[in-house]
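Accompanying notes for the structure given below.
Since we're looking at a predicted model, the values are computed, not measured. We're numbering straight along the sequence, starting at 1.
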Amino acid sequence: MASDYDEVRPEVKESQERSLEALRTENTPDAHSVARELDEADTVDGIELPGDFIAEELVVEVVPQKEDEFTCSSCFLVRHRSQLARERDGHAYCIECEG
């Protein structure tokens, strides 16, 4: 007689169902109560922990790559041509990454 080795054994199936029922009957907290508890834990001994969000914009001027610069294919930093260690298959590598 052929056996199906992928089929779950009956005793394993029973224990899985029992453990699933146990999980369903447990008194598990909902997401709101957990969040409330975490918020209460942040104010330990009446001391407010830092965490206020300050909305600031970061203004950065993007400068295009110059003729005498290259981008290292390993560290992705823009380097001067004097730091070029090797160039292979269109990929340039700096002396620090080749070190």
Side-chain angles (χ1 to χ4, degrees):
M1 179 172 173
S3 296
D4 184 8
Y5 291 104
D6 292 331
E7 186 178 344
V8 180
R9 292 178 286 166
E11 63 272 5
V12 173
K13 191 172 185 177
E14 278 182 30
S15 68
Q16 287 175 344
E17 288 174 1
R18 274 188 266 124
S19 62
L20 180 61
E21 287 302 319
L23 287 174
R24 286 183 182 156
T25 59
E26 273 186 13
N27 186 11
T28 57
D30 62 339
H32 295 293
S33 66
V34 170
R36 199 173 319 113
E37 287 177 19
L38 290 174
D39 287 342
E40 290 171 2
D42 285 347
T43 57
V44 177
D45 297 330
I47 300 171
E48 187 70 31
L49 298 176
D52 294 336
F53 179 72
I54 301 172
E56 292 183 14
E57 285 188 30
L58 180 63
V59 180
V60 177
E61 182 182 345
V62 177
V63 180
Q65 185 173 316
K66 298 178 183 169
E67 291 290 326
D68 61 344
E69 294 177 333
F70 71 99
T71 303
C72 179
S73 295
S74 181
C75 64
F76 303 106
L77 294 175
V78 177
R79 305 281 187 155
H80 188 265
R81 281 277 173 204
S82 62
Q83 296 180 343
L84 180 65
R86 72 176 170 102
E87 218 171 336
R88 181 183 296 163
D89 300 326
H91 299 287
Y93 298 93
C94 66
I95 54 175
E96 289 183 19
C97 292
E98 285 296 306

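Heavy-atom minimum distance, C72 versus C97: SG-SG, 3.7 Å.
Note that OG of S74 is 7.0 Å distant from OH of Y93, once rounded to the nearest 0.5 Å. For the atom pair E87 CD and R81 CZ, the distance stands at 5.5 Å (nearest 0.5 Å). To the nearest 0.5 Å, the span separating CD1 on I95 from OG on S82 amounts to 7.0 Å. Taken to the nearest 0.5 Å, the CZ atom of R86 stands 9.0 Å off from the OG atom of S73. Summarising the geometry, atom CZ belonging to F70 is positioned 6.5 Å from atom CD belonging to Q83; distances are rounded to the nearest 0.5 Å.
Under the 3.5 Å distance criterion, the side-chain polar atoms of E69 are matched with a main-chain donor or acceptor of K66.
F76 belongs to no hydrophobic cluster, as no Ile, Leu, Val, Met, Phe, Trp or Tyr side chain comes under 4.5 Å of its own.
No side-chain heavy atom of R88 sits less than 4.5 Å from a side-chain heavy atom of H91.
For L77, the side chain to side chain contact (heavy atoms under 4.5 Å, CB included) partners at least two apart in sequence or on another chain are C75, R79.
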